[in-house]
Structure formats: structure tokens, C-alpha cells
*Asks:* 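Sharing a structure with you now.
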Amino acid sequence: MSDSEKPTLLVVDGHSLAFRAFYALPVDSFVNRDGQHTNAIHGFLSMLILLLQNEKPTHLAVAFDISRYSFRTREYAEYKGTRGETPPEFVGQVPLLEEALKAMGVQTLSKEDFEADDILATLATRGAAEGFNVLVVSGDRDTIQLVQPGVTLLYPNARGVSELKRYDRDAVVERYGIEPEQYPDIAALVGETSDNLIGVDKVGEKTAVKWLKQYGSLDGILEHADEITGVVGQNLRDQKDRAIRNRRLNRLVTDVELPVGPADLARRPIDERAVRDVFDKLQFKTLLERVLKIAAAERGDAPAAVADTPTGHDIPVIHTMIDEELAKWIRTQSADGTKPLGLRVATQGGEVTGFGLASLSETAFVPWAAGRPDYAALEAWLASDAPKYLYGSKAQLKALASAGIPLGGIAFDTVLGAWLLRPGAKPESLESQVYDYLGETLQVSDPNQLVPENEGASPATEAWYVLRIAEYLADKLDAGSRSVLDDIELPLVPVLAGMERTGITVNSGILGDLTSQLGQTAAEVASRAFAEIGREINLGSPKQLQEVLFDQLGMPKTRSNKTGFSTDAASLADLQEQNPHPFLDLLLQHRDATKLMQIIASIDKAVDATGRVHTTYEQAGSATGRIASNDPNLQNVPIKTEIGRRIRSAFEPSPGFETLLTADYSQIEMRIMAHLSGDPGLIEAFNEGEDLHRFVGARIFSVAPEDVTPTMRTKVKAMSYGLAYGLSAFGLSKQLRIETSEAKELMADYFARFGAVRDYLRDVVEQAKVDGYTTTIFGRRRPFGDLHSSNRVLRENAQRQALNSPIQGSAADIIKRAMLTIAADIDGMESRMLLQVHDELVFEVAPGELDALTEIVRHRMGTAADLTVPLEVQVGTGPNWDAAAH
DNA sequence: ATTGCTACGTA
DNA sequence: CGTACGTAGCAATA
């Protein structure tokens, strides 16, 4: 069999190549959003991808050292002893690299007490014997000894890992003048600095090769040591033990016991889903594309992949029909409304243009023209509770509602299903879901082309994909997540859709006045700021600010960030303390004014012809279960400052409504902490009904509640809230601008009185480490991958997130449950729910309904969860959002 | 034009 | 060295 027909086995030394990559690529250019360095991973993977493309290995493995200790260090403690501490930026990259390799279907091997090179040696030797074309990739010169017929070494050059030099037998002879198997003899004589193996003094490569040619082997040289003259000869005689020891240590072991042999290393399919996850985490966009390209090519080429595709998954023929025929089709395919159908609403410019319906075996397209009688059966099915599976049901529901078509029976939404499985991931397009979950390709028309070259798939086909994705996802959901989907998220879809469609009335006049006022302030402040520094700069440019503050004004450096030194508000406050300057204060004022102008502008430009603003709630937008709001974001409307409150005062009841009503949970997260921890002190605090921070302050400072000073209360409040976020003593001291020691004492005193809280917070993380996820009171899960990470930053970030998630997530569950019952209760009323701001709901109240609404809201919010502490609800009313707050 | 980063508004 | 978001402008990339 010729070489090209032989299977190719590629074996890689993971550590040595990763390390080479680490030093070849700039550390600072490869940092992901979590602060994890990724240069070694990037370099390694980009090399591996090249190898996959160029060498097309049929079999593949990457070997890693388990630790820096092996049988060699036991034999010679100083082995590799010159290697200093692993650079901190390298730490943590190997586990991530292994994760990426796993996703790419690459097997990784390691063996206690052996080095990766021994694994390579074993596999190479066996592979060559078993008829493989073996490629060894290593940055360790000792692997030269492995080169033989059928085994080629790929060795990185000085420039890094992007170029590998190919050493077959001839190349070794050409480079070193000796046969590959003689190389260890040379190395034994010369020594290997990187392994801390000292050679015979004055013996370099030239001398060693000369001797070797003369005497054939190290043993031969030593036998004839007496014949060698001069200082070198004496050195050889004196130091022959070194050479013998070196030779013993640099011999690679070719019979390491491994769980797999070369034949077991056949390439495995690339797990595209997992690859996306890992590469997304690493922020490797280009590499991801390259891997997916390889995956696609391999999927297309491999006969096995074709056989894997179930025959039932050919896209069903699309029936286009209306009227009686359609009615019959729906009845049959949905088994009289008992079986779910995939549903896709086609729209063009906001108008409904058609419907795609699908069972697993058949699909139908229904063109739509408003007001025709032919669609009675379809409309009846749409409005009914007959189960429908959708992608992005809220948007579809809104489109239908705009067309006057009621929709009921939303039984699955693939966006929500995918989110509950992986709440940290951003919602995907339908096309991506098809690709990620089914491994198939959805045709989409090119939005950039006026007359698209590729026609998009029919809504009917899309509906079919939606149905299949839904079934796939449903199968993956655990019972808790499923109940969150069925009992909270899906019922919430029409509620949120209604709130979005209603919108909230905004008084543009008020916003306009504020903008001009703020604009004036900003301009005045800016010119005064320019006067202070004697020149005009862009105050919005952190770069120019850095020049002014640190170069021109010579201020002390603040904490550093990726573009230099921070100029954020906290840093500026620090500067003001150390190095007072009028410019600092003017800058802050300018920031303040322009920020508010921006927020006003984002709201104002969203006001529609009827004076209302319609936000869009992103139901699958947060990792904890919260709802996000965008376009415009109505969950970050200012409130803390006077001007901020004036922005809120622009939100008014619509014409015909009496007043706005706001209802918010008081300290819901602390109450959830009390419930989940079962801390008797905290529970008592809430049951007493006294001011929480005063109560806690009295306990901590051992004073009577009435003697808790405002300073004490501020400290307690900051700590209580901080606890739920995993705040450290250091962070607390920063925030309160107190000594770290005082912050430590404060926390110690807190936990002395409320010990169950500390136990709970600790246990949450411990449990999450075991389970790999956290759970809210109502069963919502959030998975965590980094709780065991060897990278401290990643690990501690994950731990804080894990500690916070059940608290924030349970609060999200609770207000959502309240929204559902309230929506049901006010269904027959004129009053409407308008906004949700995490722990607050905003309503507009129809004349005569205030008392009834207040009662409903109080009752439903107060009983949305059964906790060991009461859920306190504060209700306020007023002619605008600010006035309605309390 | 798109993307990353900084900064900052809310709960 | 405190969680969860969205938006905006700047500056560097394409």
C-alpha cells in the first residue's frame, strides 16, 4: 500500500506546543472578556487546524503532561529544574485548550508518572508497526529519536508554531549529520539546557557528531574514552556519569501502558455546538469559522455522516391550501388539536403575509389576505388552545395581534426552551438553531440583495424545523426547567406582548425642556472645563482625558484598564481626594448632563404618533431569569438624582386614564436570602416589620434600634446588599471608603449575628460545584462551567455568579408569577399593566378602578411565593411615574 | 460599516 | 477584589 493510502496518525505534544505558542504570540493581544489569557490556546488551535487541513489525519491524539513530576524527576530531582514558575498568564490555558479539543472531537491522553513525549513515543512506535503514516508534533528535541520509516517529526521553528519543519530520516541526517536514533547520544553528551541536563564540558554538537561517526554510539565513545586526547577527552572521562545519566533520562519510553492504541484514535466528528460554546467563550471568531468549515467539509465528505441522517428528515413537500382542504389537513395533522404543530407566521413590513404549518411528516403553507372568509378553520385553530410550537412566539403573537388575529395554545417556544437550557447564551436566529440543534441548514435569503439570489425557505419548512427543534429541546429539559417553561415563561408571553403593544405615554414636552436645559448645562460646564485646562478636548474621549489628567496635569495614575488608566467616576473621585482640581468636578458634571441627555434622547426618539413608547422585553435575555428591556430600555430610567426624577415625571397615564400606579417589592432579595438561609435573626427582622437595616444595625453594633445612626445604617445597608453579590471585605471597604480592617470587622460582626446567611452562601457554591448548576425556588437552572477552574479570576467570578443566581433568579420568578395572576385578574378591566422593572410593576388606572386594582396588585404580588417571611409590597399612585413612586 | 472598550443608567 | 442588564460614544479595525 502506498503512503497516500495509509491511514495517517497525528500525535501532538500538547504542553510543549502550547508553551511554544504562548511565547510566540503576544500575551496582551489575546484576552477574553473574562480576563482569561488565550494566546497559547489560539496559537495551538490555529496550528492544529492547519494540520487538519494540510495533513488530513485519519487518526489523532494530543498528549499532555499530568504534572511536572515523572519517573525522571524521581530519578534525577533536578530534571527540568531550570524551569521557573509557570507564567501566570499561561495558567488556566491548558484546561481550556483541552475543553476546546474535546469539542473538536480530539482525544487527549495523559499518563501518571510519564511525560507527554513518552506517550508520543509509544503511539508513534506502535503506529508505525501497525502500518500508519505517523506524524509526531512536538517542540521537544528528544522526539527526534522517534523518526524512522513511517514516522515524521514536525518541529516548530524559532518563530513559533505557525511553521513546522518536517523531519523525516533524510532531513535529520541533513540537519545533524547522524541518524535519528543516534540523536539522544548527541544530546547526552552535549546536554539539554531546557531539561536541566548538563553535558560534558566543552563538548558541543560538532564534537559529539564527530565522535559518534567515529565510534558509532555513546557506548562506543565511552569505551574508547581513553583514546580521546586533550581537555575534552579528560572532561569526557571525568564526566562520563553525566552523559550516562542524560542518556538514561532522554530515552523516550515506547511501551507506556495506554487505554487506547493507534487504531482507537480515529478522528471523531466535531461537536459543532460545543465548539461554538467554547470558541465563543474564548472569543475566537476566525478560528471558529475555520473549524466549522472543516466540520462542514468532513460532514459532507464522510459517507458515515450521510448514513447518519435519518431518512425521515428530508424536507416534506409543501402543500399550499386554503378553505376546506386546509381545515381537513389541520384536523388530521393535529389529531383534532391534540398534537402540536409547528407554526411560523410570515410577515412583510409588519403585515402578515402567510402561515407555515407543520407536523413531523407534512407541511402546509397558507397565503394570507386579510378579511377573507376562507380561513375560518385556520383562525379557529390559531385562536384555540390546540398546541403550537413556535420560534420567538412573542414577536409572532404581536404580529398576529396587529392583524387582529388571536393566537392561543403557545405550547413551546424554541427561543425560550434553548434559553432555559443555556440561560447564559444570547438568543440565536432560527437558522442558527437549525444548525446547532439539528445539524442541518436552513436556507435564508440574503437580506443585502434586493432580488435575493438564494430564496429563503418557505414558512412551511421553517415551521417544520421549529417543530423538530422544539422536540429536541423538550427532550433535554429537566422537570424543573420544564415547569418554569410551562408555568411561568410560556404563559408570560401574551402578558409581555400586551404590555409592549400598549406602551406607556410619555410627555415629550417635558423631555424637550429637560434636554435643552441639560444641553445648556453641558455646554457651560464644558467651556469652564476647557478654561481650566487651557484647551478644548473631547470630554467624551477617555483617551484625550487620559492625556489631560495624567500627562498635562500630572495626576497620580488610577487603576489601569486595556486602554491605559481609568477615568470612571470612582477613579475621578479618588483623584479629587488626592489631587483636587476643578477640572475633575466639571468633568463629572459634564458626564452627568450628557448621560441624561442620551437617555432622554433614546426614549424620546421612540415616542410614537399616539405619544406612547413601546419597549421590547427580551424574555430570554438574562442568565438569571430576569427580563431585559430594550429599544428603548425602560428599566434604566434615572431616579437617583433630581434631574433623573424629572425624566420619570414625563411618564404619564394615557388619555382616559386616571392615574399611574406603581407597586414594588420591598427588599425582595434580602427576603429571599432570609427564606433560603432560614436565618432566624433575619427572619425575625422581616417578621417584626421594622426597618431592616435599622434592625440589622442594632444587632451588629449592639445598640438599641433607635440608636442606630445614619452612618451605621448606610454601612449595614451596603453590606446586606453586597452579600447577595458575593462582596468581599475589600470591595466593601472601597465602596464605603473605610479601612479594609473595619470592613472585615463589619462582616465578621454580621456573620456572628446572622451565621446561617454565611452558611447558606457557602453551601450554594458548594452544591453548585457538585451539581454544575444552581436552582431557583421554582426550579430555574443556571449551569456553571468554571467553578472548578484553575484560573482564579474565572473561578471566583463563577462562584459569585453562582451565589447570586438563586437569589436574583428567584426574585425574577416571583414577580413573573405575580404578573401572570395580575394579568388574569385584570383581564376584564380597563386598567393595564405597562412596565416591569425587576421588582416593580407600573400600571395605568382606568377611572373607578383604583381600589380594585390596588387590592389585586397587593394581593397577587404579596402571595406570589410562599416564603417564611412576608413579601411586602409598596404601592403608590400619582399623575406620573415619579409622583407615583414612594 | 463593524467591533471592542469604557463609562454609566437601573434593579 | 459586587450580581444582572442596555445604550452610547470613541477608537481601532475592516
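Note that the coordinates shown come from a computational prediction; the quantities given were computed from them, not determined experimentally. Naming: A, B, ... by sequence-line order, numbering from 1 per chain.
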*Asks:* Within the structure, does a side-chain N or O atom of A:Asn538 lie under 4.0 Å from either OP1 or OP2 of C:dC10?
*Replies:* yes
*Asks:* How would you give the extent of chain A contacts on DNA chain B, as first and last nucleotide 5' to 3' within a 4.0 Å heavy-atom cut-off?
*Replies:* B:dT3 to B:dA11
*Asks:* Answer with base, sugar-phosphate or nothing: what part of the nucleic acid does A:Ile639 contact at a heavy-atom distance below 4.0 Å?
*Replies:* sugar-phosphate
*Asks:* Check whether A:Tyr773 forms a cation-pi arrangement with A:Arg782 (NZ or CZ under 6.0 Å from the six-membered ring centre, at most 45° off the ring normal).
*Replies:* no
*Asks:* Checking side chain to side chain contact (heavy atoms under 4.5 Å, CB included) against A:Met719, which of A:Asp749, A:Thr714, A:Val696, A:Ile700 comes through?
*Replies:* A:Ile700
*Asks:* Could you give the distance from CG (A:Asp574) to CG (A:Asn579), rounded to the nearest 0.5 Å?
*Replies:* 12.0 Å
*Asks:* Look at all strands and tell whether A:Arg800 reaches a base, only sugar-phosphate, or nothing, counting heavy atoms closer than 4.0 Å.
*Replies:* sugar-phosphate
*Asks:* Looking across every strand, which nucleic acid part, if any, lies under 4.0 Å from A:Val637 by heavy atom: base, sugar-phosphate, or nothing?
*Replies:* sugar-phosphate
*Asks:* List in numerical order all residues of residues 728-735 of chain A for which some heavy atom is under 4.0 Å away from an atom belonging to DNA chain C.
*Replies:* A:Ser728, A:Phe730, A:Gly731, A:Gln735
*Asks:* Could you check whether A:Lys562 gets within reach of a base, just the sugar-phosphate, or nothing at all, counting any heavy atom under 4.0 Å?
*Replies:* sugar-phosphate
*Asks:* Does any residue of residues 776-787 of chain A have a heavy atom under 4.0 Å from DNA chain B, and if so, which ones, in number order?
*Replies:* none
*Asks:* Please classify the nucleic acid contact of A:Asp664 as base, sugar-phosphate, or nothing, using heavy-atom distances under 4.0 Å.
*Replies:* nothing
*Asks:* Is A:Ala724 touching bases, backbone alone, or none of the nucleic acid, heavy atoms closer than 4.0 Å?
*Replies:* nothing
*Asks:* Out of A:Leu871, A:Asp664, A:Ile822, A:Ile668, which one pairs with A:Met861 under the side chain to side chain contact (heavy atoms under 4.5 Å, CB included) rule?
*Replies:* A:Ile822
*Asks:* Across the strands shown, which category fits A:Ser629 at heavy-atom distances under 4.0 angstrom: base, sugar-phosphate, nothing?
*Replies:* sugar-phosphate
*Asks:* Counting any heavy atom closer than 4.0 Å, what does A:Ala811 reach on the DNA or RNA strands: base, sugar-phosphate only, or nothing?
*Replies:* nothing
*Asks:* Which heavy atom in A:Val764 sits nearest to a heavy atom in A:Ala802, and how many Å separate them?
*Replies:* CG1-O, 3.3 Å
*Asks:* Counting any heavy atom closer than 4.0 Å, what does A:Gln808 reach on the DNA or RNA strands: base, sugar-phosphate only, or nothing?
*Replies:* base
*Asks:* Would you indicate what A:Ser566 reaches in the nucleic acid, counting non-hydrogen atoms under 4.0 angstrom: base, sugar-phosphate, or nothing?
*Replies:* sugar-phosphate
*Asks:* Does the side chain of A:Asp763 pick up a donor-acceptor pair with the side chain of A:Gln767 at under 3.5 Å?
*Replies:* no
*Asks:* Looking at A:Ser602, does any N or O in its side chain come under 4.0 Å of the phosphate oxygens OP1/OP2 on C:dG6?
*Replies:* no
